[in-house]
*Asks:* 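Mind looking over this structure? Questions follow.
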Protein chains: 2
Amino acid sequence: MASGEDEPRNCAVCGDRATGYHFHALTCEGCKGFFRRTVNKSTSLICPFAGSCKVNKAQRRHCPACRLQKCLDAGMKKDMILSAEVLALRRARQVQRRAQQASLQLSKEQKALVQILLGAHTRHMGTMFDQFVQFRPPAHLFIHHQHLPPLVPELSLLMHFADINTFMIQQIIKFTKDLPLFRPAWGNPEEGD
Amino acid sequence: MASGEDEPRNCAVCGDRATGYHFHALTCEGCKGFFRRTVNKSTSLICPFAGSCKVNKAQRRHCPACRLQKCLDAGMKKDMILSAEVLALRRARQVQRRAQQASLQLSKEQKALVQILLGAHTRHMGTMFDQFVQFRPPAHLFIHHQHLPPLVPELSLLMHFADINTFMIQQIIKFTKDLPLFRPAWGNPEEGD
DNA sequence: TCAAGTTCACAGCGTTCA
DNA sequence: TGAACGCTGTGAACTTGA
């Protein structure tokens, strides 16, 4: 621009020095934090005065209700505040990043965990598909489906799938029970199986 | 100004050491407490003397009337004293927080985990059963099974169950991938999906 | 780099009790 | 009465993810 000066950029809410766009409006750090905090608390604010308090740098703390209203008037958008779920996910990932940085190599405990998973898999998952032939009606009847037995009712197919599903779920449960991670610390310790 | 020293900050009412702004004026702890108590009692005070008593640290207790007057002259504002209504609300919240903490203490981490699970569920599990009708053959054909179309081959049933199983497994995988616990820190970082 | 969230010391209310 | 304390809101400085 023609002016030699940097653009001053004042907060659209209180006129303090703005630090950028926050929730879709040019604001200062104070109004940015105020907006997030106040919206997240979601308690309705009521102005104790006429509802038209001055909101400037010196007086912005005096009436939160009018400050919030001016935030909204300035165009700040509530739905640009990240939801609790997104933040929870981000924090969970952070924890994992930290853990990953802490140990780049497979530790002794981690190798042990791999052994546990491997063992559980071979015990319950590895042979799973081999046992499908045991269910009613035998699966091999349908492998050579060119000469289907004409009297097998549709229900027996249902039975077969029910058996397969039941068995798979059982195996998955057995597999899972072999993993110590699935007996979490915050679980109900009184409950048995 | 005498720039060498830290600002001493004297009470605007009695000259004692000020501890900050209280009710919109720079005062000591004594005048702060006096102002709140006196205004809350709301009994009109009358100076037994000429109404122009000295108010300093040594003599401030002698004439409450003149002390209160000097408080007001110093700019202390009555309406910055929190109303009984507001205090009742605050105390109620305190009691509630205490009770909540004492009884069932869902920690911040646990609430975050609930958010993650809830989000993953609504994204991948919530609508799962609604989509079964999209698979071949349409499920509604079998809901009114009293007049089955005679030409539907048994294989279409197989197709239908295969579709359902495929879809369910896919959804379960998607659901699981949304849980950061299933992207463990010791995982291979080079591997993509 | 920008714009989200996070951190943390501080300000200013009320409360307590010697 | 007032020094010490607890609680909540504030905002400058910072970290982080796209």
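Naming: A, B, ... by sequence-line order, numbering from 1 per chain.
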*Asks:* What closest approach, in Å, do Ala88(A) and Ala112(B) show between heavy atoms, and which atom pair accounts for it?
*Replies:* CB-O, 3.4 Å

*Asks:* Go through DNA chain D in 5' to 3' direction and return only the first and the last nucleotide with some atom under 4.0 Å of chain A's heavy atoms.
*Replies:* dG9(D) to dG17(D)

*Asks:* Do you know which of Ser52(A), Pro64(A), Cys66(A) makes side chain to side chain contact (heavy atoms under 4.5 Å, CB included) with Cys47(A)?
*Replies:* Cys66(A)

*Asks:* Apply the side-chain hydrogen bond (donor to acceptor under 3.5 Å, both in side chains) test between Gln94(A) and each candidate in Arg97(A), Arg98(A), Arg91(A); give the one that qualifies.
*Replies:* Arg98(A)

*Asks:* With sugar-phosphate meaning primed atoms plus P, OP1 and OP2, does Arg17(B) contact a base, only sugar-phosphate, or nothing at under 4.0 Å between heavy atoms?
*Replies:* nothing

*Asks:* For DNA chain C, which nucleotides open and close the run of contacts to chain A, 5' to 3', at under 4.0 angstrom from a non-hydrogen atom?
*Replies:* dA3(C) to dT6(C)

*Asks:* Tell me, with the steps shown, if Thr19(A) and Lys32(A) meet side-chain contact (heavy atoms from CB on, under 4.5 Å).
*Replies:* CA-CA 9 Å; Thr19(A) 61; Lys32(A) 162 193 159 187; 5.6 Å; no

*Asks:* For a quick check of understanding: with a heavy-atom distance under 4.0 Å over all strands, which category does Lys57(A) fall into, base, sugar-phosphate or nothing?
*Replies:* nothing

*Asks:* For Arg36(B), answer base if it contacts any base atom (sugar-phosphate contacts may also be present), sugar-phosphate if it contacts only those atoms, and nothing otherwise; contact means non-hydrogen atoms under 4.0 Å.
*Replies:* base

*Asks:* Other than Phe34(B), what residues sit in its cluster of Ile, Leu, Val, Met, Phe, Trp and Tyr side chains whose heavy atoms are under 4.5 Å apart, directly or through others?
*Replies:* Val13(B), Phe23(B), Phe35(B), Val39(B), Leu45(B), Val55(B), Leu68(B), Leu72(B), Met76(B), Met80(B), Ile81(B)

*Asks:* Arg37(A) or Gln94(A): which one's nearest nucleotide on DNA chain D is closer to the 5' end?
*Replies:* Arg37(A)

*Asks:* Measure across Arg60(B) and Cys28(B) and return the closest heavy-atom pair with its distance rounded to 0.1 Å.
*Replies:* NH1-SG, 3.7 Å

*Asks:* Identify whether any heavy atom of Arg93(B) sits under 4.0 Å from a base atom; if not, whether one sits that close to sugar-phosphate; answer base, sugar-phosphate or nothing.
*Replies:* nothing

*Asks:* List the steps and the verdict of side-chain contact (heavy atoms from CB on, under 4.5 Å) for Lys174(B) and Asp178(B).
*Replies:* CA-CA 6 Å; Lys174(B) 286 181 188 170; Asp178(B) 268 13; over 6 Å; no

*Asks:* By nearest nucleotide on DNA chain D, pick out whichever of Gly30(B) and Lys32(A) is the more 5' one.
*Replies:* Gly30(B)

*Asks:* Where is the tightest heavy-atom contact between Tyr21(B) and Leu26(B), given as atom of each residue plus distance?
*Replies:* CD2-N, 3.7 Å

